[in-house]
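The structure appears right after this line, and notes come after that.
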Amino acid sequence: MISIDNLLKKFEEIHNFIYANDGLSPQQTLDEFLKILFIKIYDENNRLSQFAVSKEEFAMSSSGIDSPLNHRISSLFTRTKQEYAEIFDPDDKIKLSGKSIGFVVNKLQNISLGGSSTDAKGLAFQKFLTHQDKEGRGQYFTPEPVIDFCVKMIKPKFGETIVDPCCGSGGFIFTAYNYIIGNEPQTDKSELIANYLFGSDISKSITRIAKMKLLLEANVQSNVHCQNSLEDLDTLMLSFGHESRLQEGFDILLTNPPFGTAGKIMDSSLLSKYDLGHKWEGLNGNFKMSTAICNAQPAEILFIERCLQLLKEGGRMAIVLPNGHFENPSLNYLRAYIKEKANVLAVITLPQETFVPYGTGVKTSLLFLEKESANTKTTYPVFFGKVTKPGYQGNKNGTPIYKKDNNGSLLFENGVPIIDEDFSVVLNDYRDFQRNGKVETTNSYSIEYSEMNDRMDYDFYSPAYKSMFDQLAKNSVRLGDIVEIVKKKSPILKDKTAIVEYVELSDINAHSLEIINSTTFAVHELPSRASYELKNGDIITAIAGNSVGTRKHATALVTESTEGAICTNGFRVLRNPKVNPYYLLYYFKSDLFLKQMMRFRTGAAIPNVSDADLINVLIYLPSESKIQDIGNSVKRAFELRAESTKIFNSITL
């Protein structure tokens, strides 16, 4: 029996030979290699013994001479396409040169890919794909640590139907298969693949990979299909079979839908079939679907609805989503919809670098749900976890990171370096949570469902914030109750010929709370974000940008020198404070303010704090005498800086 390493070596030799000799791209090379593997399995299954090359044919192909081998393989491919019609087009052709065909057939002719399952074939193919993944096919893959974590959280069992409607290369399906086999070794592998694992994907080339993974495990017909899972639901279900056990839906769904650069769905006929393809109206968790169709909707939002449709009542689901879906105010309706259709089991936030090696820097979280359309549960605990170490670097290659001792030496377990990750830590926390109904550790915590508002993100409900708000609740007021927030654009912006000073976020010295620069513009030259006119005594504070809620958060006092200037809408202008303005300036540099701003931040590309959240920022008020003491000290600091500037400017040579 051929070993994993030997088979992997053959796979890579074949791939490299094709790539070097036929002028194909890495993706085209992989596609051609897959065609050959399917032909090989078809030949074995039908006992044709035509997938072979004689010494004479090999010599002819090596010399570039057309040989009977080329015609034989072409004829085999015609029949292979008929056998696997759902993943090959009738006009698909083998794009390999005769030289490459001879090389590939010679390498594989004495290896059995069909027949009984062997671990070597599947594992070698897995390793081979991992290598090719690093060569630029990352858009089709979900990081293995993320897949493993989701499967272990869900704990699938034999007898449960499992589906991935965006299966890509089959990572979730294949890992669920391995999990079940590992925990229930007596499981019939062929039955598991043929009757309990289901997947679909819109890409034919990538569906071939998923199908081949399962073929190499057990040479039976699998339920992996090439189709758009957002199309008609009945058609999708029929493609998976007529079995009565599927009529109510699937037991488990695991998926990573396309998002980020995947584009939006703009087909109104498709959007109209989805609740989430419509516009929604309402506030404070009370939303109602309107009859109006969205102009466009990100694919992953429609997939959330489709995934819930595919699940049976009580079915469990894990889905990868951009962080904005857990926090952005514009998607409050989406979270209300999810909570109406399912129980929230867990939310796991992932580090920024998680998907960087796989083609995107979008920050993501994992959402675990249990379908319950009746929505009867209102009191149950919800688990929140935070992975901070994925086990690899956020570079193109996803270079592994290993644990080290205090001297910087690698730590080993059974002779293998230990990956420095905390997926396992969060998973252990979740198991404790399942046993005890609550948990609070460095990486994890739980809250009651009744404590959730319209947010679902990890940071928002963090115990550290809860402790802070408990402290603030005793002596605090809302920011919106003690200041006027300027919301109207300056009338001067209507005069296109007017000359104004313009203040951007970068024009603030965050440490000294001063506007240190402004730029002169004619109104018609101003950027579109230019909005508010400043008055002496105003306070401006940033509500947009990466520095919001950090030590570099931009806040400043408007003085006479910048009165009348126009500022960007990245600020909010706070006017006529009912509290000592110098105390407010001091407070805006404190952790109590900055942590609240960080908590209210939403958005990954350009973080921002909404006006609705800004007005609810709590302002701690100590005794009146303390407020005055702090205010006087801050005012004196401003006066000293002004005196210092005056002295400096008076110096002459």
Close side-chain approach of Asn343 to Leu369, heavy-atom, < 4.5 Å: no

Result for side chain to side chain contact (heavy atoms under 4.5 Å, CB included) between Phe600 and one of Asp459, Ile543, Val609, Asn608 points to Val609

Answer yes or no: is there a donor N or O on one side and an acceptor on the other, between the side chain of Asn328 and the main chain of Ser330, under 3.5 Å? no

Which atom of Val224 lies closest to which atom of Lys211, heavy atoms considered: O-NZ, 3.2 Å

Going by atom types only, do Asp613 and Ser610 share a side-chain donor-acceptor pair under 3.5 Å? yes

Are the side chain of Asn436 and the backbone N or O of Lys438 linked by a donor-acceptor pair below 3.5 Å? no

Going by side-chain hydrogen bond (donor to acceptor under 3.5 Å, both in side chains), name the residues that satisfy it together with Asn256, two or more places apart in sequence or in a different chain. Thr142

Is any side-chain heavy atom of Leu366 less than 4.5 Å from a side-chain heavy atom of Leu350? yes

Assess, by modelled atom type and distance only, whether the side chains of Thr349 and Lys363 contain a donor and an acceptor separated by less than 3.5 Å. yes

Between the side chains of Asp454 and Tyr333, does any donor sit under 3.5 Å from an acceptor? no

Establish, from distance only, whether the side-chain atoms of Glu440 and Ser446 form a donor-acceptor pair under 3.5 Å. no

Is the backbone of Val425 close enough, under 3.5 Å, to the side chain of Asn443 for a donor and an acceptor to pair up by distance? no

Ring pair (Phe, Tyr, Trp, His ring centres under 6.0 Å) partner of Tyr461, the single match among Phe469, Phe384, Tyr449: Phe384

Verify the ring-centre separation between Phe460 and Tyr465: is it less than 6.0 angstrom? no

Between Thr602 and Pro329, which heavy-atom pair has the shortest distance, and what is it? OG1-CD, 3.6 Å

Against Tyr196, only a single residue in Tyr177, Phe250, Phe158, Phe240 fulfils ring pair (Phe, Tyr, Trp, His ring centres under 6.0 Å); can you say which? Phe158

Among Met266, His278, Lys279, Lys264, exactly one meets side chain to side chain contact (heavy atoms under 4.5 Å, CB included) together with Cys294. Which residue is that? Lys279

Would you check if there is a donor-acceptor pair between the side chains of Ser450 and Thr379 at a distance under 3.5 Å? no

Are Lys403 and Asp420 ion-paired here, with the side-chain N under 4.0 Å from a carboxylate O? no

Side chains of Lys341 and Lys371: closer than 4.5 Å at any heavy-atom pair? no

When the ring centroid of Tyr458 is compared with that of Tyr445, is the distance short of 6.0 Å? yes

Go through the steps for Gln247 and Met237 under the test side chain to side chain contact (heavy atoms under 4.5 Å, CB included), then give the verdict. CA-CA 8 Å; Gln247 289 180 359; Met237 291 300 291; over 6 Å; no

Sidechain-backbone polar pair: Thr207 side chain, Ser203 backbone, donor-acceptor under 3.5 Å: yes

Would you check if Glu327 and Arg601 make a side-chain contact, meaning some heavy-atom pair closer than 4.5 Å? no

Might you work through the side chain to side chain contact (heavy atoms under 4.5 Å, CB included) test for Ser476 and Ile619, ending with a clear yes or no? CA-CA 5 Å; Ser476 62; Ile619 308 299; 5.8 Å; no

Can you see whether Tyr274 engages Arg306 through a side-chain donor-acceptor pair at a distance of less than 3.5 angstrom? yes

So Arg455 and Asn332, side chain to side chain contact (heavy atoms under 4.5 Å, CB included) or not? Walk me through it. CA-CA 7 Å; Arg455 298 275 292 262; Asn332 283 348; 5.6 Å; no

Taking Arg572 for its side chain and Ile485 for its backbone only, find out whether a donor-acceptor pair lies under 3.5 Å. no

How long is the gap from OG on Ser462 to CD1 on Ile447, to the nearest 0.5 Å? 11.0 Å

Any non-hydrogen side-chain atom of Ile419 less than 4.5 Å from a side-chain atom of Tyr392? no

Go through it in stages, so that I can follow the logic: the residues are Met452 and Val382, the test is side chain to side chain contact (heavy atoms under 4.5 Å, CB included), and I'd like the CA-CA distance, side-chain angles, deciding distance and then a yes or no. CA-CA 9 Å; Met452 291 181 66; Val382 180; 3.9 Å; yes

Sequence neighbours left out, what pairs pass side chain to side chain donor-acceptor pair (under 3.5 Å) with at least one residue falling in residues 424-435? Glu421-Ser424, Asp429-Thr441, Asp429-Ser444, Arg431-Gln434, Asp432-Arg435

Is the side chain of Glu160 donor-acceptor paired with the backbone N or O of Lys157 at a distance under 3.5 Å, no angle test? yes

Taking all heavy atoms of Ile265 and all of Ala299, pick out the closest pair and write down the distance. CG1-CA, 4.0 Å

I'd like to know whether NZ of Lys204 has more than 12 heavy-atom contacts from other residues, nucleotides or ligands below 6.0 angstrom. yes

Restricting to non-hydrogen atoms, name the atom on Asp611 and the atom on Lys487 that form the minimum distance, rounded to 0.1 Å. OD2-CE, 4.5 Å

For a 4.5 angstrom cut-off between non-hydrogen side-chain atoms, does Glu305 reach Asp275? yes

Determine the minimum heavy-atom distance between Val426 and Lys386, stating which atoms define it. CG2-O, 3.7 Å

Roughly how far, to the nearest 0.5 Å, is the CD atom of Glu248 from the CG atom of Leu311? 12.5 Å

Regarding Asp267 and Ser269, do their side chains bring together a donor and an acceptor under 3.5 Å, going by distance alone? yes

Let's go through Phe38 and Phe88 carefully: what are the C-alpha distance in whole Å and the side-chain angles of both, what is the deciding distance for ring-ring contact (aromatic ring centres under 6.0 Å, His included) to 0.1 Å, and is it a yes or a no? CA-CA 10 Å; Phe38 274 103; Phe88 288 108; 5.5 Å; yes

Asp251 and Thr161: side chain donor to acceptor below 3.5 Å: yes

Considering non-hydrogen atoms only, spot the tightest contact between Glu300 and Pro322 and give its length. OE2-CG, 4.0 Å

Under a 3.5 Å distance rule, please check whether Asn475 uses its side chain to pair with a backbone N or O of Tyr620 as donor and acceptor. no

Are the side chain of Gln297 and the backbone N or O of Leu276 linked by a donor-acceptor pair below 3.5 Å? yes

Side-chain heavy atoms of Ile162 within contact of Phe198, under 4.5 Å: no

Counting only heavy atoms not in Asn295, do more than 12 fall under 6.0 Å of its CG? no

Other residues, nucleotides, ligands: >12 heavy atoms within 6.0 Å of Lys152 NZ: no

Should Met317 and Ile319 count as side-chain neighbours, where that means a heavy-atom distance under 4.5 Å? yes

